[in-house]
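Working notes, beginning with the structure itself.
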Amino acid sequence: MSLRFYDTSAREVRDFTPLREGCASLYLCGATVQAPPHIGHIRSGVNFDVLRRWLEYRGYRVILCRNVTDIDDKIINVAAAEGVEWWEVAERNQRAFTSAYDVLGCLPPTVEPRATGHVPEMIELMRRLIDRGHAYPAADDSGDVYFDVRSFPDYGALSNQRIEQMRGAGDTDDERGKRDPRDFALWKGARPGEPSWDTPWGRGRPGWHLECSAMSTKYLGSTFDIHGGGLDLVFPHHENEVAQSKAAGDGFARYWLHNGLLTMGGEKMSKSLGNSLLIPYMVRKVRPVELRYYLAQAHYRSVIDYSDEALYEAAAAYQRIEGFLTRASEVVGTIERAAEVPEPFAAALDDDLGVSQALATVHGLVREGNTALAEGAKERVAELGGRVRAMMDVLGLDPLSETWAGGADSGLRDVVDSLVAVALEQRQAARQRKDYAAADAIRDQLLSAGIAVEDTPRGPRWELRRG
């Protein structure tokens, strides 16, 4: 099977044929940094990290551009409410997003441009649009510049809407010289107390949509392979990106991939609803790798409705994989990753990144591996362990990788290991004197603390049980 993705613009699954052989260019709408990230924000990062890893496994050189929107109405409003500079808000929250991506094992992008660093490219794009008759400066000399949506016949095609049925853009407090309420702002004229930059049409600051078109084409070229982002960005953000980019003469994105939303109680997760679950809080509930597994396990286009129960079920599922590989390495020593992933796993990911089907293959081999462990079939254990590691590595979830085998809590684990060893020695002494009640009590106390003890032919072993 060839590599295939669901293209939002075509509304069908299409074979992936890159613009340049052996290279895949990908633009991902990154963070608008008015607040720290919750798991709804980071789901997109995890989903597209899996895409990037699979493209690389398939032999592509991936160029990933993930932007940062560091100037925006919301950022300005937060700064005003806190009595600080807008750039302070942007900087601290960008660091929070970077930390969240890193904690969940997302590979860094090839380039991560900030909007405020690309004002010259935005001015040039506006000039091209004005010269082609697709944009206009506001007639009231406010400094606003608008895109004329009626000048672009395909406006609405990405989101499958008709312009006659659309509401006004709603991106300015008043119309300030708009020809049509649906025209959207490329540039917003300067207002007292707000940051601004010089342009031929007056001082002001970028509109949200203009930023992504300018940054994506600067780093990926006028035409590139994949544009990604959350489903909530299809309209108006991505619709407006398509319009302004193609109206300016760029081919722009050839495939549009959108991840589904992460909801809570059926509502979109957002700070305004008071239901956001921030990353530092979540990684106290479960380990970062278990949170990554939770966010990656469902099909990227599906809706995930968050619950603690579902989170803990995902953590338990990951622990089953981790437990097999840990026991296998204890029996056979170092387990090397297989050179290739199993065919059913590859077929699942080739078919629109079917992670849930791919994980079914993983868990099937884990069950086979546990049977092989019970039978003492060491060669089979090593073979299955290598295949499981190869699959989990593609998903960024290999329990034996440096990312997850060590990490921030490895030192703490050494301390816990020493303390548990003392308890296990006491339990063994109780068993030797046939005080089985005391031995069981020690085991139960460890279990209540989240430490499960398993008796094996090589002696007792323990593992953490979370959730």
Side-chain angles (χ1 to χ4, degrees), residues 26-38 40-45 48 64-104 106 108-126 143-145 171-172 184-199 203-220 227-230 232-233 236-238 240-241 244-245 270-272 276 278-280:
L26 168 60
Y27 183 81
L28 177 60
C29 278
T32 299
V33 287
Q34 84 272 11
H38 56 62
H41 295 125
I42 300 303
R43 182 191 181 186
S44 178
F48 284 96
L64 170 60
C65 178
R66 184 183 68 207
N67 78 297
V68 175
T69 297
D70 61 343
I71 187 66
D72 177 83
D73 291 344
K74 295 176 181 177
I75 295 170
I76 293 170
N77 292 339
V78 170
E82 294 182 3
V84 299
E85 296 290 342
W86 63 272
W87 48 263
E88 293 182 57
V89 174
E91 182 64 29
R92 73 165 186 253
N93 289 314
Q94 182 181 356
R95 288 198 299 268
F97 268 87
T98 299
S99 175
Y101 292 132
D102 290 346
V103 163
L104 294 191
C106 294
T110 312
V111 62
E112 192 169 30
R114 291 188 181 199
T116 54
H118 296 78
V119 170
E121 289 83 1
M122 298 178 205
I123 292 173
E124 175 59 27
L125 180 53
M126 285 191 287
D144 291 353
V145 179
D171 54 359
T172 53
F184 60 88
L186 299 170
W187 193 259
K188 297 186 177 185
R191 298 187 181 218
E194 291 187 357
S196 61
W197 289 261
D198 279 322
T199 77
R203 289 189 65 84
R205 59 183 174 85
W208 178 30
H209 317 298
L210 182 72
E211 299 171 355
C212 284
S213 287
M215 288 185 283
S216 60
T217 53
K218 175 179 175 64
Y219 293 101
L220 302 180
H227 194 311
D232 54 331
L233 298 180
H237 186 45
H238 290 167
N240 292 350
E241 281 189 63
Q244 65 199 8
S245 299
S270 68
K271 185 176 179 181
S272 62
S276 60
L278 303 183
I279 302 303

Using side-chain heavy atoms (C-beta onward) and a distance below 4.5 Å, is [X] in contact with [Y]?
X: Pro195; Y: Ile71; answer: yes
X: Pro113; Y: Arg66; answer: no
X: Val89; Y: Ile76; answer: no
X: His41; Y: Pro36; answer: no
X: Leu186; Y: Gln244; answer: yes

Salt bridge (Lys or Arg N to Asp or Glu O under 4.0 Å) between Glu82 and Arg92, worked out = CA-CA 13 Å; Glu82 294 182 3; Arg92 73 165 186 253; 2.7 Å; yes
Does [X] have any salt bridge (charged side-chain N to carboxylate O under 4.0 Å, His left out) partners at least two apart in sequence or in another chain, and if so, which?
X: Asp232; value: Lys268
X: Asp73; value: Lys188, Arg205
X: Glu91; value: Arg95, Arg114

[atom2] on [Y] to [atom1] on [X], rounded to 0.5 Å:
X: Ser245; Y: Leu210; atom1: OG; atom2: CG; answer: 9.0 Å
X: Met126; Y: Thr199; atom1: CE; atom2: OG1; answer: 5.5 Å
X: Glu121; Y: Thr217; atom1: CD; atom2: OG1; answer: 8.5 Å
X: Glu124; Y: Lys218; atom1: CD; atom2: NZ; answer: 11.5 Å
X: Gln94; Y: Thr32; atom1: CD; atom2: OG1; answer: 11.5 Å
X: Trp87; Y: Ile75; atom1: CH2; atom2: CD1; answer: 13.5 Å

Check [X] against [Y] and note the closest heavy-atom contact, atom names and distance.
X: Ser216; Y: Tyr27; answer: CB-CD1, 3.4 Å
X: Glu241; Y: Ser213; answer: O-OG, 3.4 Å
X: Asp70; Y: Ala115; answer: OD1-N, 3.3 Å
X: Ala214; Y: Leu125; answer: N-CD2, 4.2 Å
X: Arg203; Y: Ser196; answer: NH2-O, 2.6 Å
X: Gly189; Y: Asp144; answer: N-OD1, 2.6 Å

Contacts of type ring pair (Phe, Tyr, Trp, His ring centres under 6.0 Å), residue Trp86, not counting sequence neighbours | none
With sequence neighbours excluded, residues passing ring pair (Phe, Tyr, Trp, His ring centres under 6.0 Å) with Tyr101 | none
Return the orientation label for the Trp187 and Trp197 ring planes: parallel under 30°, perpendicular over 60°, tilted otherwise.
->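 Ring orientation, 0 to 90° scale: perpendicular.
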Ignoring hydrogens and geometry, is there a side-chain-to-backbone donor-acceptor pair from Glu112 to Pro109 under 3.5 Å?
->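 Answer holds: no.
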Who passes side-chain contact (heavy atoms from CB on, under 4.5 Å) against Ser99, sequence neighbours left out?
-> Val103
Carefully, step by step, assess Thr110 and Cys65 under the rule side chain to side chain contact (heavy atoms under 4.5 Å, CB included).
-> CA-CA 6 Å; Thr110 312; Cys65 178; over 6 Å; no
Examine His118 together with Tyr219 and report whether their ring centres are nearer than 6.0 Å.
-> yes
Could you check Leu28 against Ser44 for side chain to side chain contact (heavy atoms under 4.5 Å, CB included), going step by step and ending with a plain yes or no?
-> CA-CA 9 Å; Leu28 177 60; Ser44 178; 3.7 Å; yes
Would Asp72 and Thr69 count as a side chain to side chain contact (heavy atoms under 4.5 Å, CB included) if you check the C-alpha gap in whole Å, the side-chain angles of each, and the deciding distance to 0.1 Å?
-> CA-CA 7 Å; Asp72 177 83; Thr69 297; 4.2 Å; yes
